[in-house]
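All chains are named by letter (A, B, ...) in the order of the sequence lines, taking the proteins before the strands, and each is independently numbered beginning at 1. Heavy-atom basis, side chains included; hydrogens, waters and symmetry copies ignored.
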2 protein chains.
Amino acid sequence: MNAVLKDFSVARPKPRTAPRANQRHDHVHCIAAALATASSLCAARGARLTKLRRRVLEHVWNSHVPVGAYELLNRLRADGRRAAPPTIYRALAFLADEGLIHRIETRNAYIGCDFADRPHQAQYFICEQCGVAAEVDASDIHRRIAARADELGFVVSGHNVEVLGICCLCQQRRVHVGSRA
Amino acid sequence: MNAVLKDFSVARPKPRTAPRANQRHDHVHCIAAALATASSLCAARGARLTKLRRRVLEHVWNSHVPVGAYELLNRLRADGRRAAPPTIYRALAFLADEGLIHRIETRNAYIGCDFADRPHQAQYFICEQCGVAAEVDASDIHRRIAARADELGFVVSGHNVEVLGICCLCQQRRVHVGSRA
DNA sequence: GTCAATTGTGTTATACCATAACAAAACTAA
DNA sequence: TTAGTTTTGTTATGGTATAACACAATTGAC
Ligand SMILES: [Zn+2]
Ligand SMILES: [Zn+2]
Ligand SMILES: [Zn+2]
Ligand SMILES: [Zn+2]
């Protein structure tokens, strides 16, 4: 089994009931698709997705839980590469510039972008239990924000929306725990 | 003139045209009102708004630009008080617990709450030019987020919405600069 | 292939943001 | 007053991010 799955907290053994959304998925495919998209986007733009940058992106995609810069640094070192903070921050800056990752502000952490191949204004739903951050591109939310900005005479260049709570899967887990207690 | 106005970037000399919103206001009143609200809320709750905490709140309300913890620390020291980081972080924690300030995640900075006397789910519109962060409590935005959460089976405990762009006043300033160039 | 120019990476040092742990002081309620 | 509680001071440390400069790899012209 691919080592990349080791802390993928969505992939769990046998959920007893089907979750409403975001059910267990083929995360190996997730990663492969993200890397393929990254490769083609960078090629098309003349941006250089070097081995280092590609490896950092792989480590970011290790799970759907946002990962901190120093954790990524440790993973690089576990790969046998010599690395210091600027190494990882430069790679993260490149990946963010290319729209391949996002920074989760409330966690000081980074996560792969689910919509790298198109412009979007994403929102994140972040589980306080398992840590998974789900990216959605909800145009209705963005429109409401844009409308309010308009009323204020405010010209929007971007937004950061992070919703905190408990994800669908963790609620099921809590019910199980609760019914046992 | 009150020294507290010294870096209040909304209060500027003679805007040539009236802004659509957020026009120059009596910031001394702003501060006084915030402190009065803080006092009565804390009294009602049995929370102790000590001199230190009150002074920190005053420094936070110095302007509508979010201010960093270490800047607040410097201001405390300028007051003649001996202070180290825990001093300011404990005061900030108290003020945040009481809902008197908010943390602006994209800036690692803190700002006074405009709606301390009632429960709310605020959004911030942050100007990349002048730094001013305007708090709004737009229930329509919150409703859209809640609706999307519902679709995901996600139970919301809170959200952080920070919109970046150029504020109304700074656009006018840019026009002036532009027409001169 | 060689070369110069550009871009990317390694390395050291440092700045900025935040908290742990414990001691001293101030406040509260008998 | 005195004991108990809360707040503040103090020292040390952990976590996040960048500046500055040297070296290596890549690119594109020749
Ligand atoms: Zn995205
Ligand atoms: Zn969860
Ligand atoms: Zn004001
Ligand atoms: Zn502005």
Side-chain angles (χ1 to χ4, degrees), chain A residues 38-39 42-60 65-98 100-111 131 160 162, chain B residues 38-39 42-43 45-60 65-98 100-111 131 133 160 162:
Chain A
S39 291
C42 287
R45 295 168 183 167
R48 287 158 61 181
L49 187 63
T50 62
K51 285 188 178 181
L52 172 65
R53 290 163 175 173
R54 189 183 179 83
R55 190 78 186 112
V56 171
L57 186 57
E58 281 177 1
H59 282 309
V60 169
V65 178
V67 56
Y70 280 68
E71 169 61 22
L72 290 167
L73 186 54
N74 287 337
R75 293 184 191 173
L76 274 188
R77 287 171 172 163
D79 289 342
R81 179 185 277 269
R82 295 174 134 271
T87 302
I88 200 74
Y89 280 105
R90 284 187 291 227
L92 289 171
F94 171 86
L95 295 170
D97 283 349
E98 296 299 327
L100 301 173
I101 64 171
H102 295 293
R103 176 178 160 81
I104 302 297
E105 297 290 344
T106 55
R107 299 286 167 115
N108 294 341
Y110 305 84
I111 194 169
N160 181 267
E162 297 176 14
Chain B
S39 290
C42 288
R45 295 168 184 167
R48 287 158 61 180
L49 186 62
T50 63
K51 285 189 178 179
L52 173 65
R53 290 163 175 172
R54 189 184 178 83
R55 190 77 186 113
V56 170
L57 185 58
E58 280 177 2
H59 283 309
V60 168
V65 178
V67 56
Y70 279 67
E71 168 61 22
L72 290 167
L73 186 54
N74 288 336
R75 293 184 192 174
L76 274 188
R77 287 170 172 163
D79 289 342
R81 179 186 279 269
R82 295 171 134 271
T87 302
I88 200 73
Y89 280 104
R90 283 186 292 226
L92 290 172
F94 171 86
L95 295 170
D97 283 350
E98 297 299 328
L100 301 173
I101 63 171
H102 295 293
R103 177 180 159 81
I104 303 296
E105 297 290 344
T106 55
R107 299 287 167 114
N108 293 340
Y110 305 84
I111 194 169
N160 181 266
E162 297 176 14

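In this structure, the CG atom of Asn74(A) is 14 Å from the P atom of dG14(D), given to the nearest Å. Whole-Å rounding puts the Leu52(A) CG to dA25(D) C1' distance at 13 Å. One atom, CD of Glu105(B), and another, C1' of dA17(D), lie 16 Å apart when rounded to the nearest Å. Rounded to a whole Å, the CG atom of Leu92(A) is 12 Å from the P atom of dT9(C). Spacing between atom CZ of Arg55(B) and atom C1' of dT8(D) amounts to 17 Å, rounded to whole angstrom units. Distance CD1 (Ile88(A)) to C1' (dG8(C)): 14 Å, rounded to an integer number of Å. Summarising the geometry, the separation between CZ on Arg53(B) and P on dG9(D) is reported as 11 Å, rounded to the nearest angstrom. Straight-line distance from the CZ atom of Arg81(B) to the P atom of dT10(D): 11 Å, rounded to whole Å.
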- [ ] Any chance you could list the contact pattern along nucleotides 17-30 of chain C? Use B for base contacts, S for sugar-phosphate-only contacts and - for none, protein heavy atoms under 4.0 Å, 5' to 3'.
- [x] BBBBB-----SS--
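Looking at the side chain of Ala84(B), the nearest of the listed nucleotides dT10(D), dT8(D), dT11(C) is dT10(D).
Over its full length, the helix from dG1(C)-dC30(D) to dA30(C)-dT1(D) turns its helical axis through 30°, comparing axes from the five pairs at each end and rounding to 10°.
No option in Val67(B), Ile88(B), Leu76(B) other than Leu76(B) meets the side-chain contact (heavy atoms from CB on, under 4.5 Å) test with His59(B).
One finds the CZ atom of Arg77(A) at 9.5 Å from the CZ atom of Arg82(A) (value rounded to the nearest 0.5 Å). To the nearest 0.5 Å, atom CG of residue Asp79(A) and atom NZ of residue Lys51(A) are 12.5 Å apart. We find the CG-CG distance between Leu57(A) and Leu52(A) to be 11.0 Å, quoted to the nearest 0.5 Å.
Annotation for Ala69(B) and Leu92(B): closest pair CB-CD1, 4.0 Å, computed over non-hydrogen atoms.
Side-chain polar atoms of Glu162(A) and Thr106(A) form a donor-acceptor pair below 3.5 angstrom. Side-chain atoms of Arg103(A) and Asn108(A) include a donor-acceptor pair closer than 3.5 Å. When only modelled atom types and interatomic distance are considered, Arg81(B) and Thr87(B) share no side-chain donor-acceptor pair under 3.5 Å.
The side chain of Thr50(A) contributes no N or O atom lying less than 4.0 Å from OP1 or OP2 of dT26(D). For the pair Thr87(B) and dT8(D), the criterion of a side-chain N or O lying under 4.0 Å from OP1 or OP2 is not met. For the pair Arg82(A) and dT9(C), the criterion of a side-chain N or O lying under 4.0 Å from OP1 or OP2 is not met.
Take Ala109(A) and apply the side chain to side chain contact (heavy atoms under 4.5 Å, CB included) test, not counting sequence neighbours, and it matches Pro66(A), Arg107(A).
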